[in-house]
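Below: one structure, written as structure tokens.
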Amino acid sequence: RIQPPTTRHRACLCACAMASPAKRARTDGGSDAEDLRARIKELETERDMWKAKAEGSGTPFPATHWPATKPSLSGPPTYAKYDQSNPKESFLAVCDMLIDEVCAELGPGYEMPEPEVAWVRRMLKYNVHGGKMNRGLMVVETGLAIFESKNIPATNDAIVRFAILGWCIEWLQGWLLVADDFMDDSKTRRGQKCWYLHDDVQKIALNDAFMIEMLVYKILKRHFSMLPYYSQLVDLMLETTFQTEVGQLLDTLCLNLTLKDFTEERWTLIVKYKTAFYSFYAPVAMGMIVAGITDVKEYNAARDILMIMGIYFQAQDDYLDCYMPPEKLGKVGTDIQDKKCGWLFVHAYHNLAKPDQKTLFDTLYGKCKAQSAEEQQIRDMYTTLKLPELYQKYEQDSYDKIQGLKDTVKQVPWKVFDAFLKKIYKREK
């Protein structure tokens with residue numbers, strides 16, 4: 001029979017366990033000692049790397065530190081004064097700065113000929129410069145509000161960096177819209193014809209979309225790689241981009257589905273991933289990261305509010321696509337033509353339409369041209385089914401639900417969420 005260990009046995013076991021690595025190595029043939037030396041060397045290398053980074057010396061990204069003439073390797077930039085009394089113009093000036101930086105880098109850094117550099121400048125000016133800029137401006141507004149609540153000084157550099165992050169969101173949206181317009185055969189965007197419709201662009205628009213996406217990460221690296229929260233920003237942008245692509249996949253695969261598959265649940269999933277994360281959560285999360293907020297519960301509470309807001313925003317977008325005149329909306333609504341799984345359709349088809357009205361949907365929805373008589377039949381049926389009244393109720397319910405979550409956030413001031421609501425609640429374009 002095996003006896004339990006005595007006190008003396010326990011002491012011997014502890015002594016063996018606590019013996020130095022070198023002493024154990026003498027009995028284990030030296031392998032432990034070699035492993036220990038290797039581990040010490042790894043730790044010393046890591047220590048030196050972090051020390052160099054903290055002191056601003058060394059080369060943090062040696063694999064891509066080439067060629068030496070690349071302007072972005074010359075050190076952190078100096079920012080012009082950001083005039084907070086003129087927010088839109090100051091924000092646009094930051095976009096101009098980023099476009100100039102990008103184009104100045106393409107020749108010396110990537111051997112790009114002048115005609116191609118001129119193409120990139122033209123493409124960026126057309127697709128990312130301007131617009132309502134709500135998402136980008138909200139990064140600045142969010143960041144400053146959190147800084148104020150935490151008594152963190154808002155230096156000029158800090159404000160410009162918030163604006164740069166705002167443009168990262170705007171450029172993310174820019175490349176998504178270039179690709180989306182191409183896939184949807186859209187005609188207009190922001191009051192002008194879609195980029196791919198230019199005779200000298202066409203399919204090149206897809207590569208341009210990829211180029212804009214990659215430039216977002218070039219911007220992040222140039223302006224934030226020396227800061228401790230850089231990896232968090234990159235992680236957020238990667239996750240947000242993937243979430244948006246998930247939503248885009250759910251949306252585009254509707255082409256392979258029947259109208260019966262267009263449920264409210266599928267619509268909610270599409271808009272949550274395609275719109276809510278990048279348009280609402282990412283701008284606030286960026287400000288939270290820069291302000292040093294690390295509490296997961298705070299991010300979760302903010303996300304819960306912003307998801308409701310983002311889903312409501314897309315329902316609003318679907319409503320405006322149908323009922324707002326193109327000259328006021330800035331584009332021709334194509335949801336009916338494109339067989340979109342939209343808010344109006346899922347409620348009409350599954351909850352309100354009679355059998356003969358469903359037959360009309362089956363006959364025309366996704367099979368008629370924008371601004372045609374057949375499309376107008378669908379619009380008229382929405383009105384007959386009292387979709388405008390249902391939407392007004394949904395809008396108010398969403399607003400009330402958001403207000404009911406006011407006490408769930410502790411570190412992000414409520415005025416951040418209030419500012420978002422003021423920009424979108426009962427908007428008309």
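Computed from a predicted model, the values in this text were never measured in an experiment.
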- Are F224 and Y230 an aromatic pair by the rule of ring centers under 6.0 Å? no
- Message: Less than 4.0 angstrom from a charged side-chain N to a carboxylate O is my criterion; do D100 and R121 meet it?
- Response: yes
- Flag the pair D317 and R427 as a salt bridge only when some basic side-chain nitrogen lies within less than 4.0 angstrom of an acidic carboxylate oxygen. yes
- Note: E375-R379 ion pair, threshold 4.0 Å (strictly below): yes
- Message: Side chains of T334 and K340: any donor to acceptor distance under 3.5 Å?
- Response: no
- Would you call the rings of W267 and W343 parallel, tilted or perpendicular, where under 30° means parallel and over 60° means perpendicular? perpendicular
- Student check: side-chain heavy atoms of Q411 and M288 closer than 4.5 Å: no
- Should the ring pair Y299 and Y281 be called parallel, tilted or perpendicular, given that the plane angle runs from 0 to 90° and is split at 30 and 60? perpendicular
- Item | Contact check, side chains of E265 and V346, non-hydrogen atoms, under 4.5 Å | no
- Under 4.5 Å between any side-chain heavy atoms of D96 and K125, yes or no? yes
- Decide whether Q337 and K367 meet the rule of one side-chain donor and one side-chain acceptor closer than 3.5 Å. no
- Answer yes or no: is there a side-chain heavy-atom contact under 4.5 Å between D356 and L360? no
- Using a strict 4.0 Å threshold on nitrogen-to-oxygen distance, state whether E148 and K415 make a salt bridge. yes
- For the residue pair Y312 and Y394, does the interplanar ring angle fall in the parallel (under 30°), tilted (30 to 60°) or perpendicular (over 60°) class? tilted
- With a 4.0 Å cut-off, would you call E395 and K426 a salt bridge? yes
- Are a donor atom and an acceptor atom from the side chains of H198 and Y126 found within less than 3.5 Å of each other? yes
- Message: If we ignore hydrogens and angles and just use 3.5 Å, is the side chain of T240 paired with the main-chain N or O of Y278 as donor and acceptor?
- Response: no
- Message: I need the minimum non-hydrogen distance between A301 and T408, along with the two atoms involved.
- Response: CB-O, 3.4 Å
- Query: Do S279 and R135 have side-chain atoms, one donor and one acceptor, less than 3.5 Å apart?
  - Reply: yes
- Message: Are W195 and R189 packed together at the side-chain level, in the sense that at least one heavy-atom pair is separated by less than 4.5 angstrom?
- Response: no
- Using distance alone, with no hydrogens and no angle criterion, decide if T383 and Y323 have a side-chain donor and acceptor under 3.5 Å apart. yes
- Message: I'd like to know if the side chain of H223 pairs up with that of Y79 as donor and acceptor (distance under 3.5 Å, no hydrogens or angles considered).
- Response: yes
- Over 60° means perpendicular and under 30° means parallel, so classify the ring planes of F345 and Y349, tilted if in between. parallel
- Message: Under a plain distance cut-off of 3.5 Å, with no hydrogens placed, do W119 and D208 share a side-chain donor-acceptor pair?
- Response: yes
- Task: Salt-bridge test for D418 and K406: reply yes if a basic N is under 4.0 Å from a carboxylate O, no otherwise.
- Result: no
- Query: Backbone N or O of I146 within a donor-acceptor pair of the S149 side chain at under 3.5 Å?
  - Reply: yes
- Within 45° of the six-membered ring axis of Y365 and under 6.0 Å from that ring's centre, is NZ or CZ of K339 located there? no
- How about D157 and T155: does a side-chain donor come under 3.5 Å of a side-chain acceptor? no
- Item | Between T359 and D362: side-chain donor-acceptor atoms closer than 3.5 Å | no
- Message: Check this for me: K369, atom NZ, are more than 12 non-hydrogen atoms of other residues, nucleotides or ligands nearer than 6.0 Å?
- Response: no
